[in-house]
> 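If you scroll down you'll find the structure; I have some questions about it.
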Amino acid sequence: MDEKYFPEQIENKWQQHWEQTKAFQVTEDDPRPKFYCLEMLPYPSGFLHMGHVRNYAIGDAVAWYKRLQGFNVLHPIGWDSFGQPAEQAAIKRGVNPRDWTEENIAHMRGQMKRLGISYDWSREIAAHRPEYYKWDQWFFLKMFERGLAYKKKSPVNWCPKESTVLSNEQSSGGVCWRCGAEVEKRELEQWFLKITDYAEELVEDIKQIESSWPEKVLKRQRDWVGRSEGAFVDFAVRDSSQKIRVFTTRIDTIYGATAIAISAEHPLVDELLAESPLKNQVLAFAEKVKSDKAARGRIVDEEEQKEGINTGVLAVNPFSGESIPVWVANYVLIEYGTGAVMSVPAHDERDFEFAQKYSLPIRRVIERISHEQESIPHDATSEDQSIAMPHAFTEYGILVNSGDWSGKLSTEGIVEMAKYAEVHGFGKAAVTYRIRDWGVSRQRFWGAPVPIVYCEKCGMVPVPEKDLPVQLPDRAEFTGSGESPLAGVADFVNTTCPNCHAPARRDTDTMDTFVDSSWYFFRYCDPRNEAAAFDPAIARQWTPVDQYIGGDSHAVMHLIYTRFWTKFMRDLGLVSFDEPVKKLLTQGMVTNRVQGTDEWKAMSKSLGNGVDPDEMIAAFGADAARLFVLFAAPVENELRWSESGIEGAVRFLRRVYTMVWRWNERLAKTETTLASDEPNDQSSGARALRRKTHQTIAKVTGDFEDLHLNTIVAALMELFNELSAFAVDPATATAAEVFVVREALAALVLMLAPFSPHAAEEMWQHLGHAGGLLNSGRWPQADAELARSEELEIPIQVNGKLRSRVLALPEVTEEELRAAALKDEKIIAFIEGHEVVKVIVVPQRLVNVVVK
RNA sequence: GCCGGAGUGGCGAAAUUGGUAUACGCACCAGACUCAAAAUCUGGCGUUCGCAAGGACAUGUCGGUUCGAGUCCGACCUCCGGCACCA
């Protein structure tokens, strides 16, 4: 054993050892209970950044902890290797995307190994390899069979800078999620996956994961699905057979409807106006609204003005029989509900604003429930109350001016009026969702081709399963024109119809890369299966994922798609549960100071505040880098990079190492059994050290369950400090002292393994243990009896302020404590001349003397 | 605007059910070792009054509940994140 701690040497040695012994490979025939620990698979950009390091350090800590506890831990890694950057590199530099990607993977794999992350490398997968994307295509065909994959011409989000289609999730806020360019709308034939069929489940099943996923992720998912309970109501158009269907969550306010407002894109706009003298004006307005919308996103902060135009058409309120005007309004969205709303200015802020601008009547039909008021307000109030209302009253209350419904509560009205509408055939209770179907078509080369063929005779024909995969060609022209590069590859496009064998053309779009990542962790279970995406029986042994770790940037996209995909796989009979991930941890960002400023921002090349993991490893060692990353902040917080912080981590490892070195020889020579009662002598330092050891084990084990990794490291440092304070010379230590030191050091080293595994393995060996720590199932057990304090220091307060402390045994009675407190000299001095009103004794905790 | 989350030393942060606020680390200061520096080790380190013993004040602000509040309640301020006409 070297006297000095040389991380490079130790890390190389153990990495080689792990590699040679295939230390982290797991099998399904292992009798131990399983644990599936998963980190989000990276895009192979070529270089690991500190965010990756943090992600994998957290995951590896969990994996090691569970292994040491005796679990059979599946801890795999792979590559989300389809996607834009490879294609950009091809366009800009003419490189082959496949070569570029493989080189990046090779480099990043090396970096991961230098970090010593305990992956089962035999299960490594990469999305761009045909043996993987074959199954993307297979799933696509299964969806196609069931009508869950369909093609439609639709306005899509188009990124002009990258010449591609984006999903709704990827164009949130009107800008491209990747390059920030403003998104345009285009009409294109696109493939969609029917995630909307699962909208209800995606909300409902949140119940199953509520306590184990971060609230902020669940909130964003709920918002994204946007479930809304309400009702449809049909308003008949006067002098026409047409009806306008509106969606409302407040059918109780329907007697207050003073207009119908429809979206500029509403299909009835043309038809309704056929004979109207206002036709040209209204259509011109509708066009203007559409172009304004296309331009939106440019000005983010400026709320758009509400604008509208009266079409001159009248619609009939089916409840009151009243005729009200139909307007086209820019604030009504075609994408949501029915693209038409009933305008109730008195009880909706937007309608109120609109009504004020265009002087539409504002009619109050809900009154606040007043507790002083004995009787329910009746309809005697005046008709037009616009003057009396400074803004809309959006609360629930009691219905007024609502015909026979007056006097009912809003909540009753909402239910009963929807029923009434259904009975009379002009509406019904309904639930709407904001979520849209998932557009997966990309006009890109570097992705999984859509396995569909177009035949003149047979039309759209799915590629038969036996012909999968539809292989990407080796190369294509990257024109950057916007059309899929595959369209220019004749060998690819031209094929024969699987049905009639006539010449046919392939679909030239590729799939969104989020398809690849929606099911990849099932593939890890059975990664080399050539006959299926995975064997359900094998997947059942590992899934669901017990702990998933990644950034919260995937709170809606990846994490909602993968939930959807799982439910689909369940419906195929491949899995038997609803939710793929039991526990989710979203780690915080890694930031660094931007040079010359006081700002902390995510590390990036453009800001010049990046830190290269390889340099960190070279300078301080992987163990110290990992220890620092886990210690410096709670896992979900932002992590501020600090060079001196990482130096502190090296110092700690060095001290522990030196301590092991000092005791190494003596530990080897002395029996491990506890030969006498000596360390149990209450007052001895040895007893105190044992107590600290067992207290630390209890704390660390508890904190691991909640992933409070930073406080675990603090606790390990405390244990080490106690060990240092136990200043016994190894040469002259008694057998009992050697025993407690061994116990403390062994516990410390074992519990350090999830943070700094190489150093821990090395020290474990020097503590006299043959064979590795790994899979030893030796996570230390806390002995509650040994952890218990024999002597308590009880704070004594006078009127809630700390004035003194007394020592007491844990068994001390309340009476004894009270007496001890009142006998205390300092306390006597404080209460002298005052009347003791009462004495509060909290057993084992504190005494508070209350005086007047 | 709406919905979340958070405000504790110079900094990152600790603190079971309300019960010794500031654990652990970083930075800083002093001392030891050294010709010297680095490294290492030892000690100190919320603010303030005091030679000291000790006291007063401190968890964003103001109030409340309580013997006792970082923790609970009410109002407000600030910061971060998400959504943004969702009927």
Side-chain angles (χ1 to χ4, degrees), chain A residues 172-174 214-220 222-224 226-228 230-231 246-251 253 261 263 293 296 300-301 303-306 329-333 335-344 347-351 353-354 394 432-435 552 555-556 588-589 600 627-628 631-634 636-649 651-652 654-655 658 699 702 708 710-721 724 792-805 826 829 837-851:
Chain A
S172 182
E215 182 49 41
K216 64 179 170 182
V217 172
L218 297 178
K219 180 194 177 296
R220 286 184 62 187
R222 273 190 215 100
D223 287 352
W224 193 261
R227 185 181 195 279
S228 176
V246 303
F247 177 71
T248 177
T249 56
R250 292 297 302 272
I251 193 172
T253 66
S263 160
K293 270 191 190 164
R296 202 158 70 196
V300 182
D301 294 329
E303 177 100 339
E304 215 173 333
Q305 274 288 318
K306 285 184 180 46
N330 66 346
Y331 71 96
V332 181
L333 307 173
E335 310 89 61
Y336 187 75
T338 60
V341 299
M342 60 182 202
S343 179
V344 185
H347 303 290
D348 181 282
E349 293 289 356
R350 291 155 304 173
D351 295 341
E353 199 187 313
F354 190 71
T394 57
T432 61
Y433 302 89
R434 200 179 71 131
I435 192 169
D552 64 6
V556 282
M589 276 196 311
W600 291 83
L627 184 66
F628 164 71
F631 172 58
E636 65 277 4
N637 282 23
E638 171 189 336
L639 171 70
R640 296 187 166 194
W641 189 258
S642 152
E643 192 108 334
S644 52
I646 194 170
E647 280 165 12
R651 259 196 301 269
F652 174 66
R654 193 182 295 137
R655 286 183 189 133
T658 305
K699 163 146 182 78
H708 294 151
N710 57 324
T711 54
I712 292 178
V713 179
L716 295 180
M717 287 172 169
E718 280 190 59
L719 174 57
F720 175 79
N721 291 345
S724 296
L792 301 172
E793 198 186 46
I794 305 290
I796 313 294
Q797 299 178 330
V798 176
N799 285 347
K801 287 194 176 176
L802 179 69
R803 295 303 182 191
S804 184
R805 297 182 172 91
K826 290 181 196 158
V837 181
K838 59 174 155 175
V839 179
I840 312 252
V841 181
V842 183
Q844 303 201 0
R845 292 224 76 132
L846 147 152
V847 179
N848 188 13
V849 182
V850 186
V851 299

> What form does the base of B/G70 take, syn (within 90° of 0) or anti?
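Nucleotide B/G70 adopts anti.
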> Any base atoms under 4.0 Å from A/Arg227, or only sugar-phosphate, or nothing? Heavy atoms, all strands.
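Here A/Arg227 touches no strand at all.
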> Strictly under 4.0 angstrom, non-hydrogen atoms only: write out the protein contact profile of nucleotides 10-24 of chain B, one letter per nucleotide from the 5' end, B, S or -.
--BSS-BB-BB--BB
> Name all residues meeting the salt bridge (Lys or Arg N to Asp or Glu O under 4.0 Å) criterion together with A/Lys219; count only those two or more places apart in sequence or in a different chain, and write none if there are none.
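Checked A/Lys219 against salt bridge (Lys or Arg N to Asp or Glu O under 4.0 Å); matches are A/Asp223.
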> Base, sugar-phosphate alone, or nothing: which one does A/Gly226 contact when heavy atoms must sit under 4.0 Å apart?
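No contact.
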> Does A/Arg654 pair with A/Glu647 as a salt bridge, N-O distance under 4.0 Å?
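Looking at A/Arg654 and A/Glu647, the cut-off is not met.
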> Heavy atoms under 4.0 Å is the rule here; annotate nucleotides 38-51 of chain B 5' to 3' with B where the base is hit, S where only the sugar-phosphate is, and - elsewhere.
--SS----------
> Quick one: are A/Thr394 and A/His347 in side-chain contact, heavy atoms under 4.5 Å?
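Not in contact.
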> Checking the side chain of A/Asn710 only, and the main-chain atoms of A/Phe631 only, is there a donor and an acceptor separated by less than 3.5 Å?
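Answer holds: no.
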> Does B/A84 have OP1 or OP2 sitting under 4.0 Å from an N or O in the side chain of A/Arg220?
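Looking at the OP1 and OP2 atoms of B/A84, neither is under 4.0 Å from any side-chain N or O of A/Arg220.
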> Whom does B/G81 pair with, Watson-Crick or G-U wobble, provided both distances fall under 3.5 Å?
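The base-pairing partner of B/G81, which may sit in any strand shown, is B/C3.
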> Just call it for A/Val341: base, sugar-phosphate, or nothing, with non-hydrogen atoms closer than 4.0 Å on any strand.
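The answer is base, as A/Val341 lies within the cut-off (heavy atoms under 4.0 Å) of a base atom.
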> Could you tell me how far B/G70 sits from B/U61 if I compare only their C1' atoms? Round to whole Å.
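These two C1' atoms come out 15 Å apart once rounded.
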> Nearest of B/C26, B/G55, B/C85 to any side-chain atom of A/Asn330?
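Taking heavy atoms from C-beta onward, the closest nucleotide is B/C85.
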> Could you tell me whether A/Asp348 and A/Arg250 have a side-chain N and a carboxylate O separated by less than 4.0 Å?
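Here A/Asp348 does not pair with A/Arg250 in a salt bridge, since their nearest N and O are not under 4.0 Å apart.
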> Counting only Watson-Crick pairs (N1-N3 plus N6-O4 or O6-N4) and G-U wobbles (N1-O2, O6-N3), all under 3.5 Å, who is the partner of B/A36?
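Paired with no nucleotide.
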> What interatomic distance, in whole Å, is found between C1' of B/U8 and the corresponding atom of B/G1?
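Their C1' atoms lie roughly 31 Å apart.
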> Does A/Tyr331 have A/Lys306 sitting over its ring (NZ/CZ under 6.0 Å from centre, angle to axis within 45°)?
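Yes, A/Lys306 lies over the aromatic ring of A/Tyr331.
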> State yes or no: are the ring centers of A/Trp641 and A/Phe628 separated by less than 6.0 Å?
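Ring centroids of A/Trp641 and A/Phe628 are less than 6.0 Å from each other.
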> Sort out the partner of B/A56 for me: Watson-Crick or G-U wobble, both distances under 3.5 Å, none otherwise.
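Its partner is B/U47 (Watson-Crick or G-U wobble, both distances under 3.5 Å).
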> Does B/C67 have OP1 or OP2 under 4.0 Å away from a side-chain N or O of A/Lys838?
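For A/Lys838, the contact criterion (side-chain N or O under 4.0 Å from OP1 or OP2 of B/C67) is met.
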> Whole angstroms only, please: what is the CG-C1' distance between A/Asp351 and B/C85?
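Going from A/Asp351 (CG) to B/C85 (C1'), I get 10 Å.
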> Any side-chain N or O of A/Lys801 below 4.0 angstrom from OP1/OP2 of B/C57?
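Answer is yes, contact under 4.0 Å.
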